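The structure appears below as structure tokens.
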Protein chains: 2
Amino acid sequence: MIETGARRRAIDEVASELFHANGYAATSVRDIARALDIQGASLYAHVASKEDVLWSIVDRAATAFEASAERAIIETPDADPTERLAALVEAHIETITANPQHSSVFVTEWRHLSGARRTTIAARRDAYEARFRSTIETGVSVGAFHAMDPAIASTFLLTALNGISTWYRPDGRLSPDRIADHYIELALHSLSEDHR
Amino acid sequence: MIETGARRRAIDEVASELFHANGYAATSVRDIARALDIQGASLYAHVASKEDVLWSIVDRAATAFEASAERAIIETPDADPTERLAALVEAHIETITANPQHSSVFVTEWRHLSGARRTTIAARRDAYEARFRSTIETGVSVGAFHAMDPAIASTFLLTALNGISTWYRPDGRLSPDRIADHYIELALHSLSEDHR
DNA sequence: CCTACCGATCGGTAGG
DNA sequence: CCTACCGATCGGTAGG
């Protein structure tokens, strides 16, 4: 049974901020507790372990990425590869900017998970990347994108996109929409056979 | 006085492998010592602190990136923006693949430095990125690259390039040269006004 | 480079 | 959610 009370959610919020700022390993259980104005040991009334906190953040972020990619695909049912890729890039950036802390923890701290959790997340990341890769493959085969290695191209693209979670600030120069505009243009240019 | 003996270099080598694999904060001084078959306390015959080990790795990696970019620029004295950017991308990828452990520690663990060291590295990273950014700016102004935000474009590009340090394996499918070929093509396509 | 040791802090438990 | 506490481990020092 996963606790879902307000306090449990607050733990994820402050923990994701601390993990984002300093990393999972450099954040102690007492750091999290202090941010909530409770004792370190009191945290264990809500969670079974420090790793459980990481897991709930990573699992939730993974679900957010999956759901928004799913939505993007459903909402563009007969899109060509160019439109489909633009929709995936836009969805990815929306997810990141909607919650950069959760996203950056998902992107950079999941390796601190152990055992089955780590394996599961690795598989879900692969499946997520496969959506980008197969869209690129299709685009290459129909001549919308130039000849390239789709695995390399999707890695190139996704690492650039994920980088946003590390530098994005809500009070920064560019709004999420403007960032998405620029990144979609760069992404499509990088792949397209012959633009305009 | 910085010690530069063989043992000191061996410390950096095993430490960069461990920091690369598990992160700085999750690596203990005794982990490093164990990999060298010595006692934890014996490490302090060679280094003054754990952070000094991180610093020497990060400082050396930063110098390697700076030197290879410098070399790329000197070797292409009258390059146009497209050629200059290709040279910078190639140099960056060469530096990463020549030593992915050092590079990934530089890219992902520098935030664990404290005080002046952290400030210095942040400034050196900014100066390094400025080379990419100003090359892009020039390219836009002479019409070689399409209209874009050069700051966003250089961030897009450098995060994609730095990502290589996290996934590259010497025994992987693609050689450093092939990776560089693909990335240069993707990078130039993403920026160019009108290719071929 | 070793043994012996330091105080501080770690994640976590017991019992209320 | 608290107090009190656990063994393990942390980075680091002293003295050889």
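Bear in mind that the values here come from a model prediction, so they are computed numbers and not experimental data. In what follows, every chain begins at residue 1, and chains take the letters A, B, ... in the order their sequences are listed.
- Remark: H92(A) pairs with F65(A), Y128(A) by the ring pair (Phe, Tyr, Trp, His ring centres under 6.0 Å) rule, at least two apart or across chains.
- The span of DNA chain D lying next to chain B, judged by atoms under 4.0 Å from heavy atoms, is bounded 5' to 3' by dC10(D) to dT13(D).
- Under the rule for a ring pair (Phe, Tyr, Trp, His ring centres under 6.0 Å), H46(B) has no partner lying at least two apart in sequence or in another chain.
- A stem is defined here as three or more consecutive Watson-Crick or G-U pairs, each with both distances under 3.5 Å; for DNA chain C these stems are C:1-16 with D:1-16.
- For S165(B), the side chain to side chain contact (heavy atoms under 4.5 Å, CB included) partners two or more places apart in sequence, or in a different chain, are I96(B), S103(B), S104(B), V107(B).
- Residues V142(B) and L188(B) do not share a hydrophobic cluster, clusters being chains of Ile/Leu/Val/Met/Phe/Trp/Tyr side chains in contact below 4.5 Å.
- Of the residues in residues 23-37 of chain B, those placing a heavy atom less than 4.0 Å from an atom of DNA chain D are T27(B), S28(B), V29(B), R30(B), in numerical order.
- Remark: E66(A) does not engage R131(A) in a salt bridge, criterion side-chain N to carboxylate O under 4.0 Å.
- Here D126(B) does not pair with R133(B) in a salt bridge; the nearest charged N to carboxylate O distance is not below 4.0 Å.
- Taken residue by residue, residues 42-54 of chain B places heavy atoms nearer than 4.0 Å to DNA chain D at Y44(B), S49(B), K50(B).
- The side chain to side chain contact (heavy atoms under 4.5 Å, CB included) test applied to T76(A) returns A79(A), R84(A), A87(A), not counting sequence neighbours.
- Applying the side chain to side chain contact (heavy atoms under 4.5 Å, CB included) rule to S56(A) yields the partners R8(A), D12(A); only residues at least two apart in sequence or on another chain are considered.
- For Y183(B), the ring pair (Phe, Tyr, Trp, His ring centres under 6.0 Å) criterion is met by F156(A), not counting sequence neighbours.
- With sequence neighbours excluded, the residues that form a side-chain hydrogen bond (donor to acceptor under 3.5 Å, both in side chains) with S154(A) are E129(A).
- Of all the heavy atoms in W55(A) and R117(A), the pair that sits closest is CG-NE, 3.5 Å.
- Remark: S42(B) pairs with I38(B), Q39(B) by the side chain to side chain contact (heavy atoms under 4.5 Å, CB included) rule, at least two apart or across chains.
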